Amino acid sequence: MRSLDSAMRSLPAIFEAACLIRCTGVGRSAGAGPPRSGFGYEFGTGPAPGPASGGAIGTLTRGASILSGGDTASPDPGAAPESSGAAPRPVLAEFNQPEAAERLSKLLTDLGCGATWATLVGGGRRQYFVHRVTVPAAAWPVIIQQLTSGWRQGRHFLLRTDPVGASSPHNARRETLARRAWHAASLAAGRQRRGGVFGVRLADQEMAAVLVRSARLLGGTAAIRTRPGCLQVSVTSVTSDALLEIATPPLRVAV
């Protein structure tokens with residue numbers, strides 16, 4: 001079992017991975033299918049989904065990506081493995097943006113989970129792309145446990161209101177988590193920019209609350225508005241460069 005100090009060092013990466021997954025499912029383009037989290041918005045509430053399906057028909061420029069044909073939906077959890085004999089890989093999440101899938105895969109791989117991502121095509125005449133992240137079946141319970149714990153700890157740190165000094169390690173940790181939350185939303189949620197206002201669309205109320213709090217910790221303010229089928233979190237003012245750097249393309253990777 002990891003020591004408490006080791007767990008705290010890895011918390012930003014785990015929390016960002018959880019935020020990426022919680023931002024899925026909103027902001028699809030016309031004709032797109034339903035990118036989703038493999039286990040819903042509440043981590044670990046259901047059984048692991050079935051293995052990824054589809055035969056590879058080509059290779060994209062990124063080494064970790066494959067272009068697969070057919071429907072993008074996963075088979076039932078009891079579906080048989082592919083004929084190649086490879087162990088089935090449960091689908092952890094699907095995204096509209098390849099950057100989000102690549103980022104989640106890297107975060108989990110750096111944490112020792114061995115995640116990979118692939119780009120799939122579906123929709124027949126009205127094609128759409130889904131960027132899928134899968135993990136080894138044997139690692140599924142550990143990954144879900146880490147994501148669940150990381151989300152709860154990160155959310156707790158961000159939403160607590162006890163005062164801390166500017167040089168406090170606690171304060172520095174909260175700012176790091178705030179950056180990670182907004183970086184994840186910038187990659188995975190439906191992005192919007194009108195004039196000088198930057199916003200994201202998502203379906204998760206807890207994630208929306210985390211983004212509002214995170215904006216404040218980064219020297220800005222954000223507001224939540226209800227829109228048909230989603231919540232819109234818009235940055236209404238920025239008084240420091242921290243949030244502006246994350247919200248302004250090209251998107252910068254959190255550190």
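We use all heavy atoms of the structure for the numbers below, so side chains are in, but hydrogens, waters and symmetry mates are not. Just so it is clear, the structure is predicted and the values come from calculations on it, not from any experiment.
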Just wondering, do I21 and W151 contact through their side chains at under 4.5 Å, heavy atoms?
-> no

Nearest 0.5 Å, what's the CG-CZ distance between L177 and R155?
-> 13.5 Å

In short, A17 meets L107 closest at the heavy-atom pair N-CD1, 3.8 Å

Roughly how far, to the nearest 0.5 Å, is CG of L218 from OG1 of T176?
-> 9.5 Å

Ignoring hydrogens and geometry, is there a side-chain-to-backbone donor-acceptor pair from S105 to A101 under 3.5 Å?
-> no

Side chains of R180 and C19 in contact at under 4.5 Å (non-hydrogen atoms) | no

Can you list the residues that meet the salt bridge (Lys or Arg N to Asp or Glu O under 4.0 Å) rule with R213, with sequence neighbours excluded?
-> none

To the nearest 0.5 Å, how far apart are CE in M207 and CG in L231?
-> 12.0 Å

Atom CZ of R227: over 12 foreign heavy atoms under 6.0 Å = yes

Would you check, one step at a time, whether the test side-chain contact (heavy atoms from CB on, under 4.5 Å) holds for I144 with L92?
-> CA-CA 9 Å; I144 298 305; L92 186 65; 4.3 Å; yes

What closest approach, in Å, do S214 and A181 show between heavy atoms, and which atom pair accounts for it?
-> OG-CB, 3.8 Å

Check whether any side-chain heavy atom of L20 sits under 4.5 Å from a side-chain heavy atom of V133, and report yes or no.
-> no

Just by distance, do the side chain of R89 and the backbone of T134 share a donor-acceptor pair under 3.5 Å?
-> yes

Does the side-chain contact (heavy atoms from CB on, under 4.5 Å) test come out yes or no for F198 and V238, once each step is laid out?
-> CA-CA 10 Å; F198 172 80; V238 178; over 6 Å; no

Ion pair present between E175 and R179, side-chain N to carboxylate O less than 4.0 angstrom?
-> yes

Tightest non-hydrogen contact, residues G150 and I14, listed as CA-CG2, 3.7 Å

Hey, could you give me the CD/CZ distance between Q232 and R201, rounded to the nearest 0.5 Å?
-> 7.5 Å

Heavy-atom closest pair (A189 atom, V200 atom, distance to 0.1 Å) is CB-CB, 3.8 Å

Got a second to check how far C230's SG is from D204's CG, nearest 0.5 Å?
-> 12.5 Å

What's the verdict on side-chain contact (heavy atoms from CB on, under 4.5 Å) for V121 and F129, showing C-alpha distance, side-chain angles and the deciding distance?
-> CA-CA 5 Å; V121 179; F129 296 90; 3.5 Å; yes

Can you tell me if T119 uses its side chain to pair, donor with acceptor, with the backbone of H131 under 3.5 Å?
-> no

For A215 and W182, which heavy atoms make the closest approach, and how far apart are they?
-> N-NE1, 3.4 Å

Which of Q145, Q153, Q146, R152 passes side chain to side chain donor-acceptor pair (under 3.5 Å) with S149? Answer is Q153

Can you find a pair of side-chain heavy atoms, one from C113 and one from V142, that are under 4.5 Å apart?
-> no

Donor-acceptor pair, R174 side chain versus R160 backbone, under 3.5 Å?
-> yes

With L211, the side chain to side chain contact (heavy atoms under 4.5 Å, CB included) member among I224, L158, V235, L202 = L202

When every non-hydrogen atom of A115 is compared with those of V135, the smallest separation belongs to CB-CG1, 3.9 Å

Is any side-chain heavy atom of E206 closer than 4.5 Å to a side-chain heavy atom of R22?
-> yes

Looking at CG of L104 and CD of E99, how far apart are the two atoms once the value is rounded to the nearest 0.5 Å?
-> 13.5 Å

Of all residues at least two apart in sequence or in a different chain, which pass the side-chain contact (heavy atoms from CB on, under 4.5 Å) check with S237?
-> T221

Quick one: does P98's side chain get under 4.5 Å of W117's, heavy atoms only?
-> yes

